[in-house]
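Below, chains carry the letters A, B, ... as their sequence lines are ordered, and counting in each starts from 1.
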Amino acid sequence: MGLLSDPNRRRALTNLLTRLNAPICVVCYLAGVMWFMGLAFEPFTLRTYMSENAMGSTMVEEHFPAGERALATGREFAAHKKKVGGMPVNWLVKTMESRGLEVFTQSFTRKLPFPDENKERYLVRGTNVYGILRAPRASRTEALVLTAPCSQGNANNQAVGLLLGLAQYFRSQVYWAKDIIFLVNEHDLIGMQAWLEGYHHTNTTGGDWSPLHGRGGSIQASLSLELSSDVITSLDLVLEGLNGQLPNLDLANLFHAFCQKIGVLCTIQGKLQRNDWESTSGYSHSAQTMMLMVLKQASGRPWGDHGLFLRYHIEAATIRGINSFRQYKTDTTTIGRLLEGMYRKLNNLLERLHQSYFFYLMPSLTRFVSIGYYMPAFGLLAVILLLRALDLWVQLGASAPGTEDGLAEREQSPSSPGVLSILTPVVISHMTGVALYCLPVMSQEMAVQHFPVSETEAVVLTAIAIYTAGLALPHNTHRLLQGEGTEHGWRVLKLVALLYLAVLLGCTALINFSLGFILALSLVPIAAFITPHTHKPLSAAIMVLLSPGCTLLYCVLIFQELQETPVSLQDGWMLFLSVISQGILDHSLYGSLVYPLLALLIYPCWLLLWNILFWK
Amino acid sequence: MAAFRSNIFMLAFFLCGFSVFVTGDVQTNQMNVAETVFIDNVPTTETDASPPSVTEQSQTAEEKRLWEGTEVGTNLADGASDNKVDHVHDTMQATDAPPSPPAKDQTQRFAFDERIWEATNVEINLVEDAPPIRDKEADEADHVLDTMQTQDFPPPSTAKDQFQEELVIKPLHSGDIYASFQFRTQWDTDFLLGSKVSHYRLFPKSLGQVISKFSVRELHISFTQGYWRTMQWGQPFLPSPPGAELWVWFQDTVTDVDLAWKELTNVLSGIFCASLNFIDSTNTVQPSASFKPLGVGNVTDQRFLRYAVLPREIVCTENLTPWKKLLPCGSKAGLAVLMKSEKLFHSSFHSQALHIRPVCKDWQCKSTSWELRQTLNVVFDLHTSGQGKREWSLFKMFSRTLTEACPLASSSKVYVDITDNPQGELFELSPATPLVSQAVVLGDGRTYSVYDLTDHATFGQTHSLNVLLRWRAAESGEMLRPLLHGERYVAGYGLQTGEIHTLVYNNHPYRAFPVLLLDTVPWYLRLYIHTLTVTSKGRDNKPSYIHYQPSKDRLQPHLLEMLIQLPPNSVTEVTVQFERALLKWTEYTPDPNHGFYVGSSVISALVPSVVAMDTNNTQERPLFSSFFPCKEESTYFMRIYTEPLLVNLPTPDFSMPYNVICLTCTVVAVGYGSLYNLLTRTFQVEEPSQGLAKRLANIIRRLRGVPLLT
């Protein structure tokens, strides 16, 4: 700081920064990307370890014997499900009651803003059934939750069977210190949202649900079970929740520890762990796993039924049974034992899970990257914006006539071309953003009347139309007010845009690193090097290719590629459209913030940059 | 053996006779002797291979009482004779055949006159009997004593401590078993009148001293592990909240109630091995209406009341042991032998309580005596330990059977609730008992099979009583929904604000009734009292009485008391929002991420009885008795407790406080300081400072009036 308070040295420093600004920015960008890719390299990551003492050293034994019976119950459930044509509420209530639980039901209705074509639903009506196993001599202050969704078709019957089997077995045990809630939710996330909002008596998304009558106090942890076959080859752990929230790392550690103990293959992002980190393929394997996690987290949507619990500060994860073509199969009894062990350990918890990390990336199930290691990657990208802003600031000061130092004069200089000339593009961009946020859903009926499309298509296509229309907006409104746009004007506008973007990305990265990083990756280069004096068509093409919409398309394609289900461009486009509709639905159903963030803040910011390109 | 015993009796009676002439100093000695009598006696009967004789046992007790009575009676001989006479009469009724009313006065006088005679007579008797003792003679002597006492003369005492014990077993509709022990000790001493009491018989000395030292008028303390599930189990006989609850009425002579309360909690903490010393001003309140005295007396000034709950208190064997020691027989004999902690704590619910209150000594209620009630309620889970078999017995529940009553008990009974099982179609009870008792419990007429442990025949051939319940029907039938029921939970998410919801259910189909709701909330949940809403059936329900005492940070909790009218068949929802305070870093508990407890709400109500709702009531009773609901059945008092709450407060990461503090301080000091400096200062190129020589030269030049050097 002493460096800055000396005017001479300060001048030298700023000279250096302005002179070498472009190279420094390029180096920072490359370093950021390199750093990020290096995170997947095993020697740079930390090994996971159990931080919570209550779960670490204590021994539990698993005795769950009744896997076959659980499967039989699952088949019975399937039969009743088929007979009723939905959730067999009465049968579930009776079965849970016979297992000694206190059973309650909750009905809910939800009208989606527009039909969901992926899951073919519009007006959703359903019932959640849950049974509470009351812990002896506990005063209803703490609870654990085990959920299994009642899905359509033949999926997840085994999960419900195992849930009921575990309920029966848990009921006969004496060691419970926390109530255990066994929940079968209908319509997956919508039912889960209704149940959680009912449990916490909140209503964030305007759903219609009946109040709950049985509670077990504050929920400490939750596991969601998805199991669609009698035997499985591996268990997949899903962590990514709403808005990119993750459960405490100890929950993942717990799962991994029990998989090791019982001898079940476990995966994360559907990828097994490999031990050959020295080889290129080993590295690319873990890089792929981490990239998948980053993409899933950036999407901001809940990737399993557990995802909605995280908002309530309940550590939750989904355990998904996978049946592939491996030789080695695991039966239901073993999965039951695994869950029993996990619940016994969770039952031992004295405090909420808080010891381990909440912000992490996992290149494999035994390795993790903590926030302290991945944030520099983002920081290196974000510093580019600040450097460019500094450069502009200095240029603005230097170009102002008069004083040597220019500090006092600079106060006036931005206002000299008029606040209006900056305010106009800012306001217009944000109005476009608001239109992008509101109009697709609001104008769907009109669109359906005038065009031969379904509601969902109408919403998505309206969104794309508004997005593209934003590019064609009159970008030179300032000329109407001020006459000729000045050299000074675009610099001030760019300075504002740069700082705005820096703040925006910084905040996003703090909440959801992956989203912030991906956006920074695409937006920082154009924000850094855009001027009105570049080659217009080429710059415009680059800008469009790096716009948030296109970034989303690339993400979809990369995601499919990483999941080893590559799609053609045609299918990719269809997928892109459905992702947009899902994003809008996630926002209105569960309160996911990615769509409003993109529409209301990121897109206007990009429009500002677009504005600069066409500055006259 | 009998010879040995009568020797000891002789010794006792000799001392007793002697004690007439000595002063109170010797009394402690005597008590020791009395204890020897008793303690020696018990092993005697046990080492005897022969079955313990009930008559002998009770006779021992009677002897002891007789002896005590004489002594104290003499001490107080110059006291109010009125009292004494009444008192004697009372005992007579209690012991056996009551005399007919016209003969009352005569009998009393007779008894009074005979007292001295009896004492001496007995003494002589025994002295005569002493040298050549044969078993038969001794027995005869005992017998004589026995008959003398029960038939002709009431025990010649004024201070007649009494002890009763009972166990109620109730099969619950959920299939669980509810066992409720009650031990009642009555202490006929009124030390508040000024007399100093240092002699204790059945009443535990530790508690007696506490009462007298702190001028306690009423004391209620309960330790509960678990939550009473009203919807599954119905109403408990004595409700209690999870954790520890303590409420005390002090005498109106106490000047500094807070000090007395503080000392009392610390003393009780020691007596019961509990963390009652954590009761301080931050969790103590003075409810204005919810807790009225249960004993005699008309002081209802809330200044003398203190109420505190520790929801976090864990109850275990270390609390049970001191509690058991307060019983006259300890856990050596009587019903208390069943209280083995390994079984009591292998249950769904465990609650032990202790209530001390003044009760009327006689029907005129001119003077009071102290009543100590010790209760222990346990619910056994059929599901976990039954292994699918629905069968219960005393042995299965407690891993003990009953072999005798407490020799000091005037009544010792086991009740089994058979209301739902009039024809024995639901379960089978063995051994069968002819005794049946009917009582109205919580507005519901109940029928009980009674086993009288003082009756030798109860134990039968095996000399032990093992009540066995064997279910016949698979389902227990529908339970009458509890008329009053409460729930509580915290709504909302995030660590800034929240909302406490209290739901009060009135399940009565057509009667509205008022309830008193008491909420105590710790100061670190800052209640927004303007957000308090009470709604029933979707409409605003204005409480007719609200007593609110705002909290003071780190000093006193919120107290909210409301009288709410509950419409019939409704759910009334009371909501209030709160903000979570950020505590000082030393104020967090060692496990801050566990959360902080908020004690149960207390809902007290006079609930209309269900007599008119009961449709098949007329089948069991005569018609004339059941048309108008009679007074004691028309309403009954009920108190229920909601769940305690566990609330998370914003918690700093304690795992690295040092790092955090250092980092924050550095950032603030270096970063902010210099940036602020940079922004507020204007920079100018500084001129080089003048040398000393030049300054001197300038001074000279100024003196000379020559232009200065620059």
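Checking side-chain atoms of R137(A) against main-chain N and O of F345(B) turns up a donor-acceptor pair under 3.5 Å.
Among the candidates H313(A), E351(A), R352(A), the single residue satisfying the side chain to side chain donor-acceptor pair (under 3.5 Å) test with N648(B) is R352(A).
Atom CG in N593(B) sits 11.5 Å away from atom CG in L350(A) (nearest 0.5 Å). Put simply, CD on E197(A) and OH on Y493(B) are 8.0 Å apart, with the number rounded to the nearest 0.5 Å. The line from NE2 of H594(B) to CD of E142(A) is 4.5 Å long, rounded to the nearest 0.5 Å. To the nearest 0.5 angstrom, T575(B) atom OG1 is 8.0 Å from H201(A) atom NE2.
Nearest heavy atom pair, residue P242(B) against residue S139(A), reads CB-CB, 3.4 Å.
Interface check for chain B: of the options R140(A), E102(A), H200(A), the most heavy-atom pairs under 4.5 Å are formed by R140(A).
In this structure, the portion of S218(A) lying under 4.5 Å from any heavy atom of chain B is its side chain and not its backbone. Only the side chain of T202(A) comes within less than 4.5 Å of a heavy atom of chain B; its backbone N, CA, C and O stay farther away.
We find that R134(A) and D381(B) are not joined by a salt bridge, their nearest charged nitrogen and carboxylate oxygen being 4.0 Å or further apart.
R215(A) has its side chain out of reach of E643(B): every pair of non-hydrogen atoms, C-beta onward, lies at least 4.5 Å apart.
Within 6.0 Å of NZ in K537(B) there are more than 12 heavy atoms belonging to other residues, nucleotides or ligands.
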